[in-house]
Number of protein chains: 2
Amino acid sequence: MLLKENPVSHHDCEACPIRHRAVCARCDSDELELLEEIKYYRSFEAGQHIIWSGDRMDFVGSVVSGIATLTQTMEDGRTQMVGLLLPSDFVGRPGRNGAAYDVVATTDLVMCCFRKKPFEQMMETTPHIAQRLLQMTLDELDAAREWMLVLGRKTAREKIASLLAIIARRNATLHMSNASGELSFDLPLTREAMADYLGLTLETVSRQVSALKKDGVIVLEGKRHVIIPDLERLLEEAGDDSDGGVLG
Amino acid sequence: MLLKENPVSHHDCEACPIRHRAVCARCDSDELELLEEIKYYRSFEAGQHIIWSGDRMDFVGSVVSGIATLTQTMEDGRTQMVGLLLPSDFVGRPGRNGAAYDVVATTDLVMCCFRKKPFEQMMETTPHIAQRLLQMTLDELDAAREWMLVLGRKTAREKIASLLAIIARRNATLHMSNASGELSFDLPLTREAMADYLGLTLETVSRQVSALKKDGVIVLEGKRHVIIPDLERLLEEAGDDSDGGVLG
DNA sequence: CGTCGCCTTGAATCGGATCAATATCAGTGG
DNA sequence: CCACTGATATTGATCCGATTCAAGGCGACG
């Protein structure tokens, strides 16, 4: 495996790529300075465990770059992904000592960590942090509930289409492109990870991806690059309302 | 249907049964007085819709007594329950105008409502409210994620056992009884509601309940009263770790 | 008593899981 | 350059658990 230098060049919060979306988004310069004192960066390689379920946590933090998964595993090995962590997403739970889930980097990843104790203190004294964290947690809760519908009531084909739609929409907003027209992206997940996300087996994932391709809903370049010729069509296949049900 | 008087006798927050568990739990007397000014009570009968998905919301609030469900429905009628609201649970989302889910009372129910605008203002000025709401939302997020494992990876029998275990455990803490030994409770849900919670059909729910009964995991008195002779046994059937994986 | 809502049970069917073989491809070393 | 390896992905055959469709039971209530 390649040795690499520390990829973290920006120790300055003001220049941070997730400055306006992470838990610190509402902080002013004074507050940022306080945060700088309790923060540090950690890098992980693709495949590395960031946190083991049950372990004691002495930090919380934000994903700066890269992608990680949150998973739960039963004793017999069945696993379910319960969250997908993207840049700016928050990791850890203030007020709790043990980790409830495994967190695994699926790509090389950089985290901005805050020492837990001082962070919890800052939450008491700095409403901007608690307010932003509340907002983010409410969004995550909505996402989790949307996912419950997918897991509980959708067919395998609809599940795949839903996942692709979510990734496509996220990429669209990330790159502020036009929401309609042709979209394309690289899948950040293996077939197995997709299966763990969707409550399926990897074979079923593979079959349904092939089926969607055969039916022209998606176009594949290689195994991982996906082109969506018609987002509306994909959303139909996902069983979603055309606008995705997003509310003001 | 019986006409009934307004069952709300306690307009005084200090005497409220959910005083120490609801969103107001951390408020001191001064803050409670401010809340009293923007609050009002509403009663619902079993079966009534409290909120329709997509409707404009002009209040948020807490369940004071009774039980309600949060559900999502697809155009073709498939529905998934995404939350079970018990006394002290919070309804509505500050910072959002439209309701994302249907909320339905499954028993007669009383809500303590706050006018949304002033409540949002109070959240800015009263950290105790935002802090408590954050705590509650994080708990709900954990519950939602635990439910994702149930929906995605458990068998029908395990799903039923999981639901019973959750209700049993909740009742145990509610009545501060000894966690072990014999437990019993009334199911607050119909077979159909259980199916919607578990991502099953009502027939499958019925069959698996019968199977658990035949195998002696549960004892039924009538259709709704459930006795758990051995909680450990039930947890095994649920596929759960014996301690339920709860972390400090 | 008869009706309605809720629940149970049976038989047939189907979607996804399981088991198994093969394909693709990047990396590695001869 | 090619053969070997291991991780990832595809595809086929079969099986099984849950759904679907259908019939009937139970209890509350008018």
Side-chain angles (χ1 to χ4, degrees), chain A residues 1-2 45-48 69 74 76-80 104 106-107 150-164 186-215 218 220-226 237 239, chain B residues 1-2 45-47 74 76-80 104 106-107 150-164 186-215 218 220-226 237 239:
Chain A
M1 212 170 273
L2 277 178
E45 293 181 1
Q48 266 191 302
T69 62
M74 296 169 67
D76 63 7
R78 283 176 282 177
T79 74
Q80 175 65 49
V104 181
T106 65
T107 66
V150 172
L151 289 172
R153 292 304 187 191
K154 291 195 178 180
T155 64
R157 169 182 265 244
E158 289 171 333
K159 285 179 176 181
I160 300 289
S162 297
L163 177 57
L164 295 176
D186 278 310
L187 274 176
L189 302 172
T190 65
R191 297 288 185 264
E192 188 179 24
M194 292 172 68
D196 284 344
Y197 208 149
L198 296 166
L200 297 170
T201 59
L202 67 90
E203 294 96 327
T204 298
V205 170
S206 186
R207 274 186 250 274
Q208 296 298 336
V209 169
S210 297
L212 288 175
K213 173 182 162 190
K214 184 166 69 62
D215 296 346
I218 61 174
L220 288 184
E221 274 175 4
K223 310 276 185 203
R224 293 294 190 87
H225 194 75
V226 180
E237 293 287 354
Chain B
M1 212 169 270
L2 279 179
E45 291 182 1
M74 295 169 67
D76 62 8
R78 282 177 281 177
T79 75
Q80 175 65 50
V104 181
T106 65
T107 65
V150 172
L151 289 172
R153 292 303 187 191
K154 291 195 178 179
T155 64
R157 168 182 265 245
E158 289 170 333
K159 285 179 176 181
I160 300 290
S162 297
L163 177 58
L164 295 175
D186 278 311
L187 272 177
L189 302 172
T190 65
R191 297 290 185 260
E192 188 179 24
M194 291 172 69
D196 284 345
Y197 208 150
L198 297 165
L200 296 170
T201 59
L202 67 90
E203 293 96 329
T204 298
V205 170
S206 185
R207 275 185 250 274
Q208 296 298 337
V209 169
S210 298
L212 288 176
K213 173 181 162 191
K214 183 167 68 64
D215 296 346
I218 60 174
L220 287 184
E221 272 175 6
K223 311 277 183 200
R224 293 293 190 89
H225 193 77
V226 179
E237 292 287 352

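Worth knowing before you read on, the calculation uses all heavy atoms, side chains too, and leaves out hydrogens, waters and symmetry mates. Quick note on labels: first sequence line is chain A, next is B, and so on, each numbered from 1.
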Colleague: Grab the CG-P distance between B:Asp196 and D:dT19 for me, whole Å please.
Modeller: 12 Å
Colleague: For the residue pair B:Leu187 and B:Leu164, establish whether any side-chain heavy-atom pair is separated by less than 4.5 Å.
Modeller: yes
Colleague: Is there a side-chain contact between A:Leu200 and A:Gln208 in this structure, where contact means two heavy atoms from C-beta onward sitting under 4.5 Å apart?
Modeller: no
Colleague: Return the value, rounded to whole Å, for the distance between atom CG of B:Leu198 and atom P of D:dT19.
Modeller: 10 Å
Colleague: Is B:Glu158 close to B:Arg153 at the side-chain level, that is, under 4.5 Å between some pair of heavy atoms?
Modeller: no
Colleague: Decide yes or no for A:Thr69 and A:Asp196: does some side-chain heavy atom of the first lie under 4.5 Å from some side-chain heavy atom of the second?
Modeller: no
Colleague: Rounded to the nearest 0.5 Å, what separation is found between the CZ atom of B:Arg191 and the CG atom of B:Leu202?
Modeller: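 Those atoms lie 10.0 Å apart.
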Colleague: In sequence, state the C-alpha distance, the side-chain angles, and the governing distance for A:Glu237 and A:Asp215, and then conclude on side-chain contact (heavy atoms from CB on, under 4.5 Å).
Modeller: CA-CA 11 Å; A:Glu237 293 287 354; A:Asp215 296 346; 5.7 Å; no
Colleague: So A:Lys159 and A:Thr204, side-chain contact (heavy atoms from CB on, under 4.5 Å) or not? Walk me through it.
Modeller: CA-CA 11 Å; A:Lys159 285 179 176 181; A:Thr204 298; over 6 Å; no
Colleague: Between C:dC6 atom P and B:Leu189 atom CG, what is the distance in whole Å?
Modeller: 13 Å
Colleague: Give me, pair by pair, the N or O atoms of the protein and of nucleotides 21-25 of chain C that are less than 3.5 Å apart, along with how far apart they are.
Modeller:
none

Colleague: Within this structure, what is the CD-to-C1' distance between A:Glu192 and D:dG6, rounded to whole angstrom?
Modeller: 14 Å
Colleague: Does any part of the side chain of B:Ile218, heavy atoms only, come nearer than 4.5 Å to the side chain of B:Val209, both counted from C-beta?
Modeller: yes
Colleague: Rounded to the nearest angstrom, tell me the gap between atom CD1 in A:Ile160 and atom P in D:dA9.
Modeller: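 One finds 12 Å between P of D:dA9 and CD1 of A:Ile160, rounded.
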Colleague: How does protein reach along nucleotides 9-18 of chain C, written 5' to 3' as B (base within reach of a heavy atom under 4.0 Å), S (only sugar-phosphate), or - (no contact)?
Modeller: BBB----SSB
Colleague: Send over the distance from A:Leu187 CG to D:dT10 P, rounded to a whole Å.
Modeller: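 Checked: the CG to P distance equals 10 Å.
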